[in-house]
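Here the structure comes first, spelled out in C-alpha cells, and everything after it is commentary.
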Amino acid sequence: AELTIFAAASLKTALDEAAEVYQTETAVNLRLSYAGSSALARQISFGAPTDIFISANIGWMDHLEAEGLLVPDTRTDLLGNSLVLIAPKGQTAGDIPTLVQNAERIAMALVDAVPAGIYGKTALTDLNLWETAAPKVVQADNVRAALALVALGEAPLGVVYGTDALAEPKVTIVAQFPPHSHTAIRYPAALIDGRDTQEGRAFLTWLGQDAAKDIFSKHGFTPLRDE
Amino acid sequence: MTLQVRLKHQLRGFALDVDFEAPQGLTVLFGRSGSGKTTIINAVAGLMQPDAGRISVDGRVLCDSTQGVRLPPHRRRLGYIFQEARLFPHLTVGQNLLYGQFFALKKRTRLPDVVDMLGIGALLDRRPGALSGGEKQRVAIGRALLAEPEMLLADEPLAALDEARKTEILPYFERLRDEAKLPILYVTHAPAEVARLATTVVVLQNGRVVRQGSAADVLSDPSVTPAGVRGAGAMLEAVVKAHHEDGLTELNAAGIALFLPRVPQGIGDTIRVRIAASEVILSRDRPEGLSALNILPGTVEAIRAGGGPGAIVSLRTPAGRILARVTRRSAQRLGLTQGISCHAVVKTVSIAPQDVGRA
Amino acid sequence: MTLQVRLKHQLRGFALDVDFEAPQGLTVLFGRSGSGKTTIINAVAGLMQPDAGRISVDGRVLCDSTQGVRLPPHRRRLGYIFQEARLFPHLTVGQNLLYGQFFALKKRTRLPDVVDMLGIGALLDRRPGALSGGEKQRVAIGRALLAEPEMLLADEPLAALDEARKTEILPYFERLRDEAKLPILYVTHAPAEVARLATTVVVLQNGRVVRQGSAADVLSDPSVTPAGVRGAGAMLEAVVKAHHEDGLTELNAAGIALFLPRVPQGIGDTIRVRIAASEVILSRDRPEGLSALNILPGTVEAIRAGGGPGAIVSLRTPAGRILARVTRRSAQRLGLTQGISCHAVVKTVSIAPQDVGRA
Amino acid sequence: MTDWLTPQEWQAVALSLRVAVWATLAALPLGLLTAFALARWQFPGKQIVNGLVHLPLILPPVVTGYLLLLTFGTRAPLGSFLAELGIVFAFRWTGAALAAGIMAFPLMVRAMRLSIEAVDPKLEQAAATLGASRTWVFATVTLPLILPGILAGSVLAFAKAMGEFGATITFVSNIPGQTQTLPSAIYAFLQVPGGEGSALRLVLVSVGVAMGALLLSEWLARRVARRVS
Amino acid sequence: MTDWLTPQEWQAVALSLRVAVWATLAALPLGLLTAFALARWQFPGKQIVNGLVHLPLILPPVVTGYLLLLTFGTRAPLGSFLAELGIVFAFRWTGAALAAGIMAFPLMVRAMRLSIEAVDPKLEQAAATLGASRTWVFATVTLPLILPGILAGSVLAFAKAMGEFGATITFVSNIPGQTQTLPSAIYAFLQVPGGEGSALRLVLVSVGVAMGALLLSEWLARRVARRVS
Ligand SMILES: Nc1ncnc2c1ncn2[C@@H]1O[C@H](COP(=O)(O)OP(=O)(O)OP(=O)(O)O)[C@@H](O)[C@H]1O
Ligand SMILES: Nc1ncnc2c1ncn2[C@@H]1O[C@H](COP(=O)(O)OP(=O)(O)OP(=O)(O)O)[C@@H](O)[C@H]1O
Ligand code: MOO
Ligand SMILES: [Mg+2]
Ligand SMILES: [Mg+2]
C-alpha cells in the first residue's frame with residue numbers, strides 16, 4: 001500500500017526519520033511531499049492526491065476543515081513547538097528586551113503571512129517590543145530562510161522555532177519566548193476527504209505513539225497526543 | 001502568349017501609370033534609372049500590389065484590382081531574375097539552381113546545359129557567400145531558367161557580366177524567346193541587348209510609357225532614341241544566302257548582298273540585323289576601294305537635325321529603312337536633302353554578333 | 001601617388017597571385033567575372049587579409065605580411081564604391097551621403113555638387129529601402145566621393161546605370177583623376193569606360209595579371225584585346241584647334257584635322273581621343289564625297305588575322321598608330337600588305353563623348 | 001557514480017530532464033507559430049496575444065502556478081473536462097512540464113520572433129517566384145534561416161524548464177518520483193538546516209545538464225551559421 | 001483610486017518599478033558588451049562566460065539568492081569590501097535591483113546576441129572604409145541596427161525584473177518600503193487563507209505596469225523597424 005503525505009517543510013528532518021522507521025515496520029510505502037503549509041493547503045483544496053496533511057499552521061487547517069476537505073474527527077494536534085530568539089554561534093544568552101534593543105537587524109519569516117513570523121510578531125507585541133523591533137526586522141519568505149540569515153551572520157538575531165534552532169549548528173539559542181506571549185504553536189494533522197483508508201488512519205495513530213514521539217522529541221518538537 | 005499590363009501605383013514622390021502589351025517574344029522595358037521598370041516587373045510577379053490595375057497573360061488574369069483577383073506569386077508560373085541576385089544563402093549553388101525545378105511541372109531544362117552555358121560548373125558546391133558578383137548573377141539566371149517558367153522576368157540580368165560572358169548568354173535568351181514561346185519582360189540599359197533581343201520595346205519615362213511598339217519600329221524611329229542618340233539604328237530582315245570559306249556569311253536583303261561574320265543560322269533562314277545609325281557612312285556616289293563590304297543604295301527620306309552637331313538621316317533602301325547619324329556639316333557638304341539618292345556604307349564587322357538576331 | 005600591390009591569397013578553388021603598380025591616375029582592373037577583381041580591391045581596402053603580400057601607397061604601407069603591418073580599413077583613408085551598394089538601411093540618403101564626410105579631414109567636396117551630378121536631389125530624405133537599383137548605386141558613389149578619400153576604389157560603379165546617366169557621371173571621375181590626384185582603382189566590364197577613363201590598365205585572368213601598362217599601350221596592342229575583339233582601338237593625342245559654330249570641335253593631331261562633337265576643353269588643350277578599331281574604314285585612295293569628316297593617311301604597319309573572318313590592321317599615321325578591324329576579304333581585296341599606304345576613314349561621331357578624355 | 005546521488009535524487013534528475021525536454025518540445029511548434037504570427041501577421045488583438053505570451057515572465061511564478069491550479073486543477077471546469085478525456089495535469093509530471101513550458105514560452109517566442117524579423121523577405125519573395133507556396137517557402141527558406149533563433153530559443157526554454165521551481169511546486173506540488181523535479185529537491189534540502197551540501201550536489205547536476213545542453217546548442221548554432229554565411 | 005491600494009502597497013509598486021528600471025538600465029551596458037563579445041569575439045573561456053551568463057536561468061532562484069548572499073552579504077569578503085567603498089547591496093533596494101538584474105541578464109544577452117549576429121558585417125565594413133573607427137562603426141551602424149534586439153532584450157529583462165521573487169527575497173528579504181517588491185507582497189497575501197483577492201489586486205497592478213512597458217517597447221520597435229527597412 002502507499003500513502004501520500006503533505007507535510008509542512010519544517011517537519012522534513014524529523015518526519016523523514018519517522019517515516020523510515022514506519023516503512024521498515026510495515027509494508028506501507030510513504031510518499032512525503034514537503035512545502036510551505038499554505039501551498040500544500042491550497043493544493044489540497046484543488047484536489048491534490050494526498051492522504052494525510054500535516055500543517056504547521058492552524059489557520060490553513062481550519063480553512064480546509066471549513067471547506068469540508070478533512071475526514072471529520074481525524075484532525076488532531078500532533079505536535080507543539082517553541083519560539084526562540086537565536087544568534088550566530090558563540091553569542092551569549094540574554095534577556096529579550098536587551099537583545100532586541102541592541103540588535104542591528106532581526107531575521108524573521110514574513111510577519112503577516114508565514115506562521116513563524118506571525119507568532120514572532122505576536123510575541124514581540126505582547127512583550128511591548130514590536131515598536132522597537134519593527135524597523136530592524138528583515139522578513140524572509142519562510143522560517144528556514146530566516147534561520148539561514150542568522151547562520152550566515154547576516155542578521156545578528158532571529159526569531160525561529162525551537163526545532164530550527166536545534167537543527168542548525170551555526171546558531172545558538174539566546175532566549176526563549178515565554179509560551180504565554182504567543183498563541184500555542186501547533187501542528188495539526190488530518191486525513192483528507194475521500195482518502196479515508198485503514199492505512200491512513202493507522203499511520204496517523206502511529207505518529208502519536210511512543211516510537212514516533214521519541215523521534216519528534218529528539219528534534220525538538222513537543223508531542224501533544226497522549227495515548 | 002501575350003502579357004497585358006495596366007497599372008496605377010502611387011509611391012512617395014513617384015507615380016506609376018502604365019498600360020502596355022507584351023506580345024510573344026521579348027519585350028524590353030527601357031528607361032532611365034528610377035523610371036519604374038523594377039516596379040512594373042514586381043507587380044507582374046505579384047510581389048507588389050498595385051493600387052489599381054489588371055495584369056493578364058492570354059486571358060489568364062494574374063491580378064485585377066476591380067475583380068479583387070490577386071494570384072499569389074507562386075501560382076503565376078514565372079521566373080524572375082532579380083536586379084540583385086537574391087540567392088538563398090543557406091543552400092549551395094547547386095541547390096539554389098534546382099530550387100525552382102522542384103516545383104516545375106515538366107522539367108525539360110537540364111541542369112548540365114544551363115550550368116555549361118553559364119560557366120558555373122566549378123561552383124556547384126559553394127555557398128552564395130563565396131561567389132563573385134558576376135558569379136552570383138549567373139547562378140540567379142540559371143535558377144530562374146531551371147524553374148521552367150511560363151513567363152520570364154529579367155531585371156538587368158547581364159549588367160554585372162563581362163562582354164565575353166554576355167556574348168555566351170545572349171543566344172540563350174534568343175533561343176528562349178524563339179523556341180520556348182515564353183513572353184519575356186527584360187530590363188536593360190544596353191542598346192546592344194535591346195537591339196539584339198527585343199521583339200517589342202516599351203520606353204518608360206517617369207513612370208509613364210512614352211513609346212511602345214515593335215523593336216524595329218521603335219529603334220528605327222529617329223525621333224525616339226531610347227538608347228540615347230548612340231543607340232539609334234535600323235533593323236533589316238535578310239535571308240542567309242551563303243556561308244563563305246573566309247568566315248563571312250552572305251545575306252540577301254531584297255536583292256542587296258550584305259556580308260557579316262559567320263552566323264549560326266542555316267541557308268535560307270531569315271534573320272534580323274541591326275545597323276546602328278552611328279556606324280553608317282553616307283556617300284552620294286557609289287564609293288570604290290573601301291574596306292567596307294556593304295553598300296546599300298537608297299533615297300533620302302528625311303533628315304532630322306537634333307540640338308547638337310549631328311543629324312539623323314533616314315534612307316529608304318530596297319532592303320528597308322536605314323538610319324545614318326552624320327554631322328550637319330557633312331549633310332550640308334554632301335548636299336543631302338529629301339528625295340536625293342545616296343549610298344549607305346556599312347562595315348561588315350559593325351554588324352556585330354550582338355546585333356544579329358533571328359527574325 | 002602610386003599604389004603598389006603584391007598579393008598572394010588562396011581561396012577554395014581560386015588562387016590570387018598578383019603584383020602590379022597603379023600610378024597616379026585611374027587604373028582599370030579588367031578581367032572576366034570571377035577573375036579576382038573584387039578580391040584585390042577588398043585587400044587594398046583592408047577588408048580581406050591576404051595570405052601574403054604588401055600594399056603601399058607612395059611608401060605608406062597599408063599592409064605587409066612579412067612585417068606584420070595591417071592598417072585597419074578606417075585608417076587607410078579610402079573611398080570604396082562597392083559592387084553592391086551597401087547603403088546603411090537605418091539612415092536616410094542624405095545621412096548616408098554625409099556619413100564619411102564626418103570623418104573626412106578637409107571637407108572640400110560639397111554635398112550639393114555631388115547630389116546634382118548624381119541626380120539624387122529628390123531622394124535625400126528617403127531610406128535606401130525605397131530606392132531603385134540605379135538610385136542606390138548613385139548614392140553609394142556619392143557617399144564614397146564625399147568621404148574625401150586619398151584613394152578611390154570603385155567596383156563596377158556604373159554597371160546599373162543608363163547610358164545618359166553614365167555620360168553625366170563619367171566626367172566627374174575624369175576630374176577626380178586629373179584634379180584630385182588620387183589613385184583610383186576602377187573595375188569595369190565596359191570598353192568605353194576603360195577607354196575613356198583608364199590611365200593604366202591591369203588585365204586579370206584567373207587571379208593573375210596577364211598584362212599591365214598604360215591605357216594607350218594596352219588598348220592599342222592588337223594582341224591583347226582585353227575588352228574582347230570589339231574593344232580594340234587606338235588612342236591619339238590631339239590639340240583643340242577650334243570650336244566651330246555647327247557644334248563641332250576641330251582638333252589638330254600632328255597636322256591632321258579631326259572633327260568631333262564639341263568638347264568642353266579650351267583651345268590649345270591637349271586631349272586624348274579613342275578611335276575604336278571596329279569603326280575605322282580603310283581606303284587605298286583618299287575617298288571623296290563621304291559623310292565621314294576624318295580621313296587620316298598612313299602606312300600599314302602590321303596585319304594580324306585572328307581565328308575569325310576579321311583582321312586587325314595597324315596603320316602608322318602622322319597622328320599616331322590607328323587600328324582598324326576589317327574582314328580578311330576586304331584586306332585581300334584592297335591588297336593590304338605591310339608597308340603599303342592607305343587611308344583611315346573615321347566618322348566624326350564615332351569618336352563619341354565617352355571616348356574623349358583629357359590627356 | 002550511482003551512489004553519488006540517492007535513488008530519490010536520481011529520480012528527480014530523470015524527472016527534471018523529462019519535464020524539460022517535453023516542455024521544450026511541446027512549446028516549440030506553438031512557440032514558432034506564435035512568433036511567426038507576432039512577427040508577420042496583422043490581426044486584431046495582436047497586442048493582447050503578445051501580452052499573454054509575456055505574462056508568465058511578469059507574474060511571480062507562484063501566481064502562475066496558482067492560476068494553473070485554477071485552470072487545470074481537477075476541480076476546475078477545464079481541468080475536469082480534460083480529465084474526462086484522460087488528460088490530467090494537476091499533480092502529475094505532465095503538469096510540471098506544462099508549468100515549465102508556460103514559464104519558458106516567452107523566452108522561446110522572443111528569440112524566435114527576433115530571428116524571423118531578421119529574415120529578408122526578399123529571399124522569401126524569390127522563393128515564391130520560383131513556385132514555392134507559402135508553406136514551402138516557410139519550410140525551405142524561412143525555417144532554415146531562423147534555425148539559430150529556434151536553437152537559441154529552445155536552449156533558453158530548456159534551461160528555464162530545468163530551473164523552474166515556483167510555478168511547478170505550486171501547481172503540481174513536490175511528490176517524490178512523481179512531481180519532484182531537481183529544483184524542488186534542492187528546495188527541500190534548503191529547508192533542512194545543514195542541507196546545503198546535498199543541495200549543492202543537486203545544483204551541480206542541474207548546472208551540468210543545462211550547460212551540456214547549452215554547449216550542444218552553441219555547437220549546432222555554429223554549424224548552422226557556417227552553412228548560412 | 002489611491003485608496004484602491006494601501007500606502008504600503010503603493011510603496012511596493014513604486015519600489016518594484018524602481019528596482020526593475022534600475023536592474024534593466026544597469027544590465028544594459030554590460031549585457032550589450034557580453035552579447036557583443038559572445039557574438040563576435042573569439043577568446044579563451046568564451047563558453048565558460050556563456051555558461052555563467054545562463055546560470056541564473058538554470059538555477060532555482062532561491063539558490064541564486066543564496067549565492068548572492070554568500071557573495072555580497074555584509075560578512076562576505078566582496079560584500080564587506082564593497083561596503084567600505086560605500087556600496088551596500090544586502091537588505092537594500094539596490095540589492096533587489098542586483099538580484100533582478102542578474103536574473104534578467106541571460107534574457108537580455110540572448111536577445112541582443114541574436115540581433116548582433118543578424119547584422120550584416122558588410123555594412124560595418126562599408127562604414128570602416130568611410131573612415132569610421134571600430135567604436136564609431138559600433139555606435140553609428142551596429143547599434144542602430146540592433147536596436148530592435150536591445151529593445152526586445154530590455155523588455156524581457158524589465159518584465160523579468162518586475163516578476164522576480166525567489167532570488168530577491170532570499171538575498172534582501174522583505175523590508176516594507178525598502179525591499180518589499182510587488183512579488184513579495186503578492187507572495188505574502190498568498191500565504192494567508194483568503195488572501196487571494198488582495199493578491200489579485202497586486203497581480204493586476206503588476207501586469208498593468210509590465211504590459212505598459214511591453215506595449216511601449218513594441219511601439220518603439222515598430223518605429224525602429226519602419227526606419228530600418
Ligand atoms: N569566400 C570565398 N570562398 C571561395 N572562393 C571565393 C570566395 N569569394 C570569392 N571567391 C572566388 O574568388 C574568385 C574571385 O572573386 P572576385 O569576387 O574577386 O571576382 P571578380 O573578378 O570581382 O568577379 P565579378 O566580375 O564577377 O565581380 C571567384 O572565382 C570566386 O568564386
Ligand atoms: N518603397 C518605395 N517608396 C517610395 N518610392 C519608391 C519605393 N521604391 C521605389 N521607389 C521609387 O520608384 C521609382 C521607380 O523605381 P524602380 O525600382 O521601378 O526604378 P527602375 O526603373 O527599376 O530603376 P533602376 O534602373 O535604377 O533599377 C524610383 O524613383 C524610386 O525612387
Ligand atoms: O509552513 Mo512552514 O513550516 O512555516 O514553512
Ligand atoms: Mg530597377
Ligand atoms: Mg566583383
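Computation of the quantities below employed the complete heavy-atom set of this structure, encompassing side-chain atoms and omitting hydrogens, waters and symmetry-equivalent molecules. Protein chains get the first letters and strands the later ones, always in sequence-line order, with residue 1 at the start of each.
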For [X], is it the side chain, the backbone, both or neither that has a heavy atom under 4.5 Å from a heavy atom of chain B?
{"X": "C:Ala159", "value": "both"}
{"X": "C:Leu282", "value": "both"}
{"X": "C:Ser283", "value": "both"}
{"X": "C:Asp125", "value": "both"}
{"X": "C:Arg32", "value": "both"}

C:Arg86: which residues meet the salt bridge (charged side-chain N to carboxylate O under 4.0 Å, His left out) condition with it, sequence neighbours left out? C:Glu84

For [X], which atoms come within 4.5 Å of any heavy atom of chain C: side chain, backbone, both, or neither?
{"X": "B:Arg333", "value": "side chain"}
{"X": "B:Ala160", "value": "both"}
{"X": "B:Ser33", "value": "both"}

Check B:Asp162 against C:His189 and note the closest heavy-atom contact, atom names and distance.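 Smallest heavy-atom distance, with atoms named: CB-ND1, 3.3 Å.
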
Assert top hit (heavy-atom pairs under 4.5 Å, partner chain C, pool B:Glu288, B:Arg138, B:Gln332) equals B:Arg138

Working note: C:Arg329 + B:Asp246, criterion salt bridge (Lys or Arg N to Asp or Glu O under 4.0 Å); need CA distance, chi angles, decisive distance, verdict. CA-CA 7 Å; C:Arg329 170 178 298 211; B:Asp246 59 3; 2.9 Å; yes

